[in-house]
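Just below is one structure, and these are the notes that go with it.
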Amino acid sequence: MAPLPHCPLLLAFSFFFFFLFFFHPVYASPGDSDPIYKDCVVQCEKSGCAGDKCFQHCKFSSDGKPVDGPWYLQEPLYLRWKQWDCQTDCRYHCMLAREEERSNVGDKPVKYHGKWPFRRVYGIQEPVAVALASLNLAVQFHGWISFFILIYYKLPLKPNKKTYYEYTGLWHIYGILAMNSCFWNAAFHSRDVELTEKLDCSSAAAFIGFSLIVAILRALNVRVEADRVMVSAPIISFVTTHILYLNFYKLDYGLNTKVCLVMSITQLLIWAVWAVLSRHPSQCKLWMLVFGGAVAMLLDAFDFPPYAGYVDAHALWHATSIPLSYIWWSFVRDDAEFRTAALLKKAE
């Protein structure tokens, strides 16, 4: 059995994160109010050029129609699909020019419109975060498929072809929601527009909310369907209301971060306590996941400018989530084998 002092340590982690996220002061992005940057954007939108960089699509309106000229002139399709318009390109290149000036005099990078000054790669806003989110998607898919093969092809099945493992359906839903969250997170980091932000926030909240449900059901060993509904209903109602609020009332990325943080900390504590009390054969993997998850949240909490314009704290969070996802699915497979063996032994 793991030593009990781990629990106070996790509680200390929890209080730290609560204070860090809920009581820190909020400031407007300094780059937005920079007069040099603002003047650059205004001049760029008038002339279509930022320094020696000019944009043909500054001659088009935001819906891709030409401001002047023949009717057959159209905004390039790949630009309209990514929603790059005159304003976003002007902001981007004026930001790069201003950051280069600041760097030359020894000033540190600042945020513009709520985001750090990232460098695009082939039109992708945050290429490292996109690559890592995509890799995490692949790991989640591999984990889910390996769980599927184990359950239906390697472990014995009941005479009615159903699995002995009582949580099979829950883990299938978990895998689908995890992959959905990774996909939309990669899309959001590729191009930050209202649609991708809504889908990213909604899918993250749905995934983390369901993860909390799974943590409660597995830790309390809830196997009766009626009891599962009673446990799940309040969380599903809360998460659904939260998603509706984000999509139809106010898209608040900061609020979504805090809601997801509370649910994440809660499930970390549940898994930690269960690891202490259950004496599960894969207890060590659970502790790796608990402390790894705490470290990942710590990385995401300490926001810092992207190194070389590509790697920031959130990208490091994505990097840590990849091995954690692999270990997590390994634990799920171990749990399926453990429960199946226990049920078969009991049936004898």
Side-chain angles (χ1 to χ4, degrees), residues 1-7 10 139-179 206-237 239 263-294 323-348:
M1 181 180 293
L4 290 175
H6 284 307
C7 290
L10 279 167
V139 172
Q140 293 284 2
F141 179 74
H142 172 269
W144 178 55
I145 289 296
S146 62
F147 172 72
F148 183 91
I149 293 172
L150 172 71
I151 283 291
Y152 292 104
Y153 295 99
K154 294 184 178 180
L155 294 178
L157 299 173
K158 294 179 180 179
N160 59 4
K161 300 303 180 182
K162 291 185 178 181
T163 65
Y164 282 95
Y165 187 51
E166 313 98 315
Y167 305 96
T168 300
L170 292 175
W171 288 121
H172 284 325
I173 298 172
Y174 174 94
I176 292 169
L177 290 176
M179 290 184 288
F207 169 56
I208 296 174
F210 188 78
S211 301
L212 177 58
I213 292 173
V214 173
I216 296 172
L217 295 181
R218 183 63 189 95
L220 298 180
N221 200 23
V222 181
R223 287 173 284 181
V224 179
E225 285 300 321
D227 295 339
R228 289 185 175 186
V229 171
M230 289 179 63
V231 172
S232 305
I235 300 175
I236 293 174
S237 299
V239 172
M263 293 192 293
S264 298
I265 292 175
T266 304
Q267 62 181 288
L268 277 181
L269 291 173
I270 291 171
W271 287 118
V273 173
W274 187 66
V276 172
L277 301 176
S278 68
R279 297 186 181 183
H280 196 280
S282 294
Q283 189 184 60
C284 60
K285 291 182 180 178
L286 265 181
W287 282 116
M288 290 171 63
L289 290 163
V290 168
F291 284 102
L324 289 177
S325 297
Y326 183 84
I327 297 171
W328 182 249
W329 280 108
S330 176
F331 164 75
V332 173
R333 293 192 298 271
D334 291 348
D335 189 53
E337 292 178 344
F338 169 66
R339 286 296 303 160
T340 301
L343 291 170
L344 287 172
K345 187 177 180 179
K346 187 177 180 181
E348 295 175 357

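All of these numbers come straight from a predicted model, not from anything done at the bench.
- Nearest heavy-atom pair, I213 versus S232, reported as atom, atom and distance to 0.1 Å: CG2-OG, 3.3 Å.
- Two residues are said to be in side-chain contact when any heavy atoms from C-beta on lie closer than 4.5 Å; V276 and W287 meet this criterion.
- Separation of atoms CH2 (W328) and OG (S211) is listed at 8.0 Å; rounding is to 0.5 Å.
- How far CG of L212 is from CD1 of I235: 4.0 Å, rounded to the nearest 0.5 Å.
- For the side-chain contact (heavy atoms from CB on, under 4.5 Å) test, residues two or more places apart in sequence or in another chain that qualify with V231 are I216, L217.
- Not counting sequence neighbours, F141 has no partner by the ring-ring contact (aromatic ring centres under 6.0 Å, His included) test.
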Q: Please assess V214 against Y167 for the test side-chain contact (heavy atoms from CB on, under 4.5 Å), listing each intermediate value before the final yes or no.
A: CA-CA 9 Å; V214 173; Y167 305 96; over 6 Å; no
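- Closest heavy-atom contact between M288 and L324: O-CD2, 4.1 Å.
- Under the salt bridge (charged side-chain N to carboxylate O under 4.0 Å, His left out) criterion, E337 pairs with no residue at all, not counting sequence neighbours.
- With sequence neighbours excluded, no residue forms a side-chain hydrogen bond (donor to acceptor under 3.5 Å, both in side chains) with W271.
- Taking the side-chain hydrogen bond (donor to acceptor under 3.5 Å, both in side chains) definition, one finds that S264 meets it with nothing, sequence neighbours left out.
- Remark: H142 engages no residue in a ring-ring contact (aromatic ring centres under 6.0 Å, His included) (not counting sequence neighbours).
- Distance OG/S278 to CD/Q283: 6.0 Å, rounded to 0.5 Å.
- Heavy-atom minimum distance, S330 versus K285: OG-NZ, 2.5 Å.
- Of all non-hydrogen atoms in I270 and A215, the two that sit nearest each other are CG2-O, 3.7 Å.
- Separating the CD atom in Q267 from the CG atom in L289 is a distance of 10.5 Å, to the nearest 0.5 Å.
- In this structure, Y174 has its ring center under 6.0 Å from that of W329.
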Q: Evaluate the side-chain contact (heavy atoms from CB on, under 4.5 Å) criterion for residues M263 and V239: first the C-alpha distance (whole Å), next the side-chain angles of each, then the deciding distance (0.1 Å), finally the verdict.
A: CA-CA 10 Å; M263 293 192 293; V239 172; 4.0 Å; yes
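- Taking the six-membered ring for Trp and the full ring otherwise, W144 and F147 have centroids separated by 6.0 Å or more.
- Shown here is Y326, whose OH atom has no more than 12 heavy atoms of other residues, nucleotides or ligands within 6.0 Å.
- Listed by chain and number, the residues in a side-chain hydrogen bond (donor to acceptor under 3.5 Å, both in side chains) with S282 are D334 (sequence neighbours excluded).
- Judged as a ring-ring contact (aromatic ring centres under 6.0 Å, His included), not a single pair has a partner in residues 212-237 (not counting sequence neighbours).
- A search for side-chain hydrogen bond (donor to acceptor under 3.5 Å, both in side chains) contacts involving T163 returns T168, not counting sequence neighbours.
- Using a 4.5 Å heavy-atom threshold, the side chains of D227 and L220 count as separate.
- The shortest distance between side-chain heavy atoms of L343 and E166 falls below 4.5 Å.
- Here the shortest heavy-atom pairing between R223 and R339 reads NH1-NH2, 3.2 Å.
- Evaluation of the salt bridge (charged side-chain N to carboxylate O under 4.0 Å, His left out) rule for R218 yields D335 as partners, not counting sequence neighbours.
- Shortest non-hydrogen contact noted between A206 and L177 is O-CD1, 4.0 Å.
- Ring geometry for H280 against W274 counts as tilted: the plane angle lies between 30° and 60°, on a 0 to 90° scale.
- In this structure T340 satisfies the side-chain contact (heavy atoms from CB on, under 4.5 Å) test together with L155, P156, Y164, Y165, L344, sequence neighbours excluded.
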